[in-house]
Amino acid sequence: MNILVTGGAGFIGSHTVVALVEAGFTPVIVDDFSNSERLVLDGLEKILGRSVSCYEADCNDAAAMRDIFEREKPAGVIHFAAFKAVGESMAEPLKYYRNNLGSLITLLEIMQETGTPNLIFSSSATVYGQPEHLPVKEDSPAQPAMSVYGNTKRIGEEILRDVAAAGKPFKIISLRYFNPIGAHPSGLIGELPRGVPNNLVPFITQTAAGLRPQLSVFGDDYDTPDGTAIRDYIHVMDLAEAHVTAFQHLAARPETALYEAVNVGTGEGASVMQVIRSFEAASGQKLNFHISPRRPGDVEAVYADVGKAARELGWTARRSLHEALTDAWRWQCGLRKEDARI
Ligand code: UD1
């Protein structure tokens, strides 16, 4: 069964391609390589022992996408393709609204035309802002977005909810990711941030590898046990497997129109200092870090209530923080300098 994976050469997309093949699906990647590299395809081929079909196309390009649907006749789509840099989104809002929402609408129109009902959408825990109650449940009220990027996820979810509520023949799940980290245990695919990483774990691994002088810990004056901010870090292979399970669940549901949003996290919060200490234990490296002021826009603590994923999808994260950091470090160590995009 063919499944279109937009953004399939990206971090979460590439790991999901592996999980799809392992579950017996045939992923077809659509990626414009605007923020991903072709070497990911080589890594996938080594892991899977065969190549994966890949189209170089922009999901905003309706003609190209129609052509791909016609040839591949996918049973559904897992839609990762989007811009995701929070800072850039504030400086270039139109670029983000056009790309992230334009591509979603184009995709939905073509799915409707071709009678392709099943869609998994990459959403984010960013839709919760700082929730009042932790762990955060899916029915927790959405907060005004802290960034344009976050707003594209919030609006994306609303578009999907509206389309399903109108009775259009769509079966859709938005997966609200918490903080994906780690890499495939082979060390052949992983996260490839371009330039200075915004996210904690790639910054840690690049610092330990000597590519950055020092990690800044953004704030140690939060109201948390050690003063540093708390997140729910999930191994990217657990997250990848959640997509496969969600897709199987969707395909099996009898309704013709449905929309659900589901948290994908571990249910456990870890502070920045706990991540640093866990990384040091996993890698055997001493990390050079200093405390700096809070990063504007950061929330104090957020971690998932994972009850809905367990109940409705039958999915639970299986891998530990230690395992995720071990895999992230293995990937970093195997990365050649010319491929590192630093
Ligand atoms: C960030 C984005 C979020 C996006 C997610 C995607 C912001 C404000 N939020 O989430 O919208 O969906 O990435 O993965 O950018 N930290 C440091 N030093 C660093 C980097 C991070 O101390 O150099 C801290 C942060 O303050 C935070 C934690 O590490 O407490 C995690 O940060 P990060 O990996 O950037 O993820 P989020 O901020 O949770």
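Numbers for residues simply follow the sequence, beginning at 1. Order of appearance sets the numbers: ligands from 1, and atoms from 1 within every ligand.
- In Leu200, the parts holding a heavy atom less than 4.0 Å from any atom of ligand 1 are both the side chain and the backbone.
- The protein heavy-atom contact nearest to atom 37 (P) of ligand 1 is Asn179 ND2, 3.6 Å.
- Using modelled atom types, one side-chain atom of Glu138 and one backbone atom of Asn263 make a donor-acceptor pair closer than 3.5 Å.
- Residue Thr228 does not touch ligand 1, judged by heavy-atom distances below 4.0 Å.
- In this comparison of Arg295, Arg212, Met273, the heavy atom closest to atom 38 (O) of ligand 1 sits on Arg295.
- Protein heavy atom at the shortest distance from atom 18 (N) of ligand 1 is Ser216 O, 2.7 Å.
- Polar contact check, Pro180 against ligand 1: no nitrogen or oxygen pair lies under 3.5 Å apart.
- Taking every non-hydrogen atom of Ala229 and a distance limit under 4.0 Å, the qualifying atoms of ligand 1 come out as 30 (O).
- Judged purely by atom type and a 3.5 angstrom limit, Asn100 uses its side chain to pair as donor or acceptor with the backbone of Phe83.
- Remark: side-chain polar atoms of Ser174 are not paired, donor with acceptor, to backbone N or O of Ala261 under 3.5 angstrom.
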Handout entry: Stepwise side-chain hydrogen bond (donor to acceptor under 3.5 Å, both in side chains) test for Ser103 and Asn60
Key = CA-CA 4 Å; Ser103 65; Asn60 282 286; 4.7 Å; no

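- For residues 181-204, the pairs satisfying salt bridge (Lys or Arg N to Asp or Glu O under 4.0 Å) are Glu37-Arg194, with sequence neighbours left out.
- With ring centers used as reference points, Phe80 lies under 6.0 Å from His243.
- Not a single heavy atom of Phe11 lies less than 4.0 angstrom from ligand 1.
- Closest protein heavy atom to atom 5 (C) of ligand 1: Asn199 ND2, 4.1 Å.
- In terms of N/O distances under 3.5 Å, ligand 1 is approached by Phe218.
- Near Tyr233, with a cut-off below 4.0 Å to any heavy atom, the atoms of ligand 1 are 28 (C), 29 (O), 31 (C).
- Residue Val217 has at least one heavy-atom neighbour below 4.0 Å for each of these atoms of ligand 1: 22 (O).
- Within the 4.0 Å heavy-atom cutoff, Gly150 does not count among the residues contacting ligand 1.
- With a heavy-atom cut-off of 4.0 Å, Val86 touches ligand 1 through its side chain alone.
- Checked against a 6.0 Å centroid threshold, the rings of Phe170 and Tyr259 do not count as neighbours.
- Of all the atoms in ligand 1, the ones that sit under 4.0 Å from a non-hydrogen atom of Tyr149 are 4 (C), 11 (O), 12 (O).
- Phe178 pairs in a side chain to side chain contact (heavy atoms under 4.5 Å, CB included) with only one of the listed residues (Val306, Thr266, Val302), which is Val302.
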